[in-house]
Amino acid sequence: MKSTRTARRYAQALLELSSDAKVMERLTQDIQGLKEAVDQSPEFRNFLINPVIKEDQKKKIIKSMFEKKVSTEALQFLEVLCQKRRENILGEIVESFLDLRNEQLGLVNAEVVSVVDLRADQIEALKSKLKSLTGKTPQLSFRKDPSLIGGFLVRVEDTVIDGSVRRQLEKLREGFGNTHAH
């Protein structure tokens, strides 16, 4: 999701609110929980963008949903969003917050796709290589995809590093195609 300037400003304000490490950690957990709610619940997304529901009603519903699940700071932030009628961009704000936090901490998200689970030594070698390539500390997430046949693929921001057997076979096929064309 591409964040707007407005979402980025709100995210920046939220990040500045969490300058203390403990608050940052708690707020990050809250934001990740809100991200899951936005990503996984179409009903919640529809509620957020519904202009017919009045501000007070939205505040009450949000408070009842999150009061026991998020910190006071996160709940107050949600109330401010309702007051400013910006709850409709909550998804963009949480994405921007996580991006800004990663920038601030020198972190980069990387998705590793493989056929089987990687061993601990392979994971450490991959982290080391990604750190030298990006200059940031990688935070890896893992997913399995049997269609890769073997090897693995890594997505880091807009870059894909494809070391899968499927890709190697595609390269061979392309090479044979070029050879037969001459």
Side-chain angles (χ1 to χ4, degrees), residues 1-19 21-42 44-45 48 70 74 89-182:
M1 182 183 300
K2 190 77 175 171
S3 65
T4 63
R5 294 173 84 190
T6 305
R8 198 160 176 92
R9 282 198 309 264
Y10 276 92
Q12 184 66 45
L14 189 58
L15 192 65
E16 289 170 8
L17 181 76
S18 62
S19 59
K22 283 184 180 178
V23 175
M24 163 93 79
E25 186 176 323
R26 174 67 185 154
L27 208 47
T28 300
Q29 289 173 355
D30 294 342
I31 293 299
Q32 287 170 334
L34 290 171
K35 181 180 181 330
E36 285 179 27
V38 170
D39 289 348
Q40 296 174 3
S41 173
F44 185 57
R45 285 193 305 270
L48 291 172
V70 299
I89 60 169
L90 178 62
E92 296 172 52
I93 293 169
V94 298
E95 290 282 341
S96 288
F97 175 86
L98 295 172
D99 288 346
L100 290 170
R101 177 188 165 271
N102 282 351
E103 283 177 27
Q104 189 178 53
L105 298 176
L107 304 174
V108 64
N109 291 326
E111 180 188 33
V112 180
V113 184
S114 61
V115 177
V116 296
D117 292 330
L118 298 180
R119 295 185 320 262
D121 63 317
Q122 292 172 317
I123 293 171
E124 287 307 314
L126 183 59
K127 280 183 180 177
S128 176
K129 186 69 175 174
L130 290 173
K131 188 172 185 170
S132 69
L133 286 173
T134 63
K136 298 177 182 175
T137 303
Q139 292 190 307
L140 303 180
S141 63
F142 298 93
R143 184 170 61 87
K144 289 184 184 173
D145 182 357
S147 74
L148 295 179
I149 304 171
F152 63 90
L153 176 148
V154 180
R155 280 192 188 89
V156 182
E157 296 174 341
D158 296 333
T159 303
V160 176
I161 303 166
D162 193 344
S164 68
V165 171
R166 180 180 67 195
R167 179 64 188 140
Q168 300 305 316
L169 291 173
E170 288 171 0
K171 283 182 176 178
L172 277 174
R173 187 177 309 126
E174 291 168 8
F176 282 127
N178 290 338
T179 303
H180 290 293
H182 296 290

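All values derive from a computational prediction rather than experimental measurement. Only heavy atoms go into these numbers, but all of them, side chains included; no hydrogens, no water, no symmetry mates.
Across G91 and V94, no two heavy atoms sit closer than the pair O-CG2, 3.1 Å. When all heavy atoms are compared, the tightest approach of V116 to S114 is O-OG, 2.6 Å. Summarising the geometry of I93 relative to A11, their closest heavy-atom pair is O-CB, 3.6 Å, with the distance given to 0.1 Å. Between D145 and V113, the shortest heavy-atom distance links the atoms CB-CG1, 3.4 Å. Taking every heavy atom of both residues into account, G151 and V165 meet most closely at N-CG2, 4.1 Å. The two residues V70 and R26 make their nearest non-hydrogen contact at C-NH2, 3.3 Å.
Atom CD of E92 is separated from atom CG of D99 by 12.0 Å, given to the nearest 0.5 angstrom. Interatomic distance, L126 CG to F142 CZ, rounded to the nearest 0.5 Å: 7.0 Å. Summarising the geometry, atom CG belonging to D117 is positioned 8.0 Å from atom CD1 belonging to I123; distances are rounded to the nearest 0.5 Å. Taking NZ of K127 as the reference point, atom CD of Q122 lies at 13.5 Å (rounded to 0.5 Å). Of the inter-residue distances, the one linking L15 atom CG with L98 atom CG reads 10.0 Å to the nearest 0.5 angstrom. The CG atom of L118 sits 10.0 Å away from the NZ atom of K144 when rounded to the nearest 0.5 Å.
Counting heavy atoms from C-beta outward, E25 and K22 have side chains that stay 4.5 Å or more apart. With contacts defined as side-chain heavy-atom distances shorter than 4.5 Å, the pair Q12/R9 does not qualify. Inter-residue side-chain proximity for I31 and L14 is flagged as met; some heavy-atom pair is nearer than 4.5 Å.
Judged by distance alone, the side chains of Q32 and E36 never bring a donor and an acceptor atom under 3.5 Å apart.
Between E174 and K171 there is no salt bridge, since none of the side-chain N atoms of the basic residue sits less than 4.0 Å from a carboxylate O of the acidic one. Electrostatic pairing of D39 and R45 does not count as a salt bridge here, judged by no charged N lying under 4.0 Å from a carboxylate O.
Partner L100 forms a side-chain contact (heavy atoms from CB on, under 4.5 Å) with one of E95, R8, E16 and no other, that one being R8. Checked against E157 for a side-chain contact (heavy atoms from CB on, under 4.5 Å), the options N102, T134, V108, N109 give a single hit: V108.
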Would you please test V23 and L17 for side chain to side chain contact (heavy atoms under 4.5 Å, CB included) and show each step?
-> CA-CA 8 Å; V23 175; L17 181 76; 5.7 Å; no

Test side chain to side chain contact (heavy atoms under 4.5 Å, CB included) on I161 and L130 and set out the steps.
-> CA-CA 10 Å; I161 303 166; L130 290 173; 4.2 Å; yes

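Between the side chain of E111 and the backbone N or O of R155 there is no donor-acceptor pair closer than 3.5 Å. Although no hydrogens or angles enter the test, the distance criterion places a donor-acceptor pair under 3.5 Å between the side chain of T28 and the main chain of M24. Not a single donor-acceptor pair under 3.5 Å links the side chain of S41 to the backbone N or O of V38.
Heavy-atom neighbours of F44 CZ from other residues, nucleotides or ligands within 6.0 Å: above the threshold of 12.
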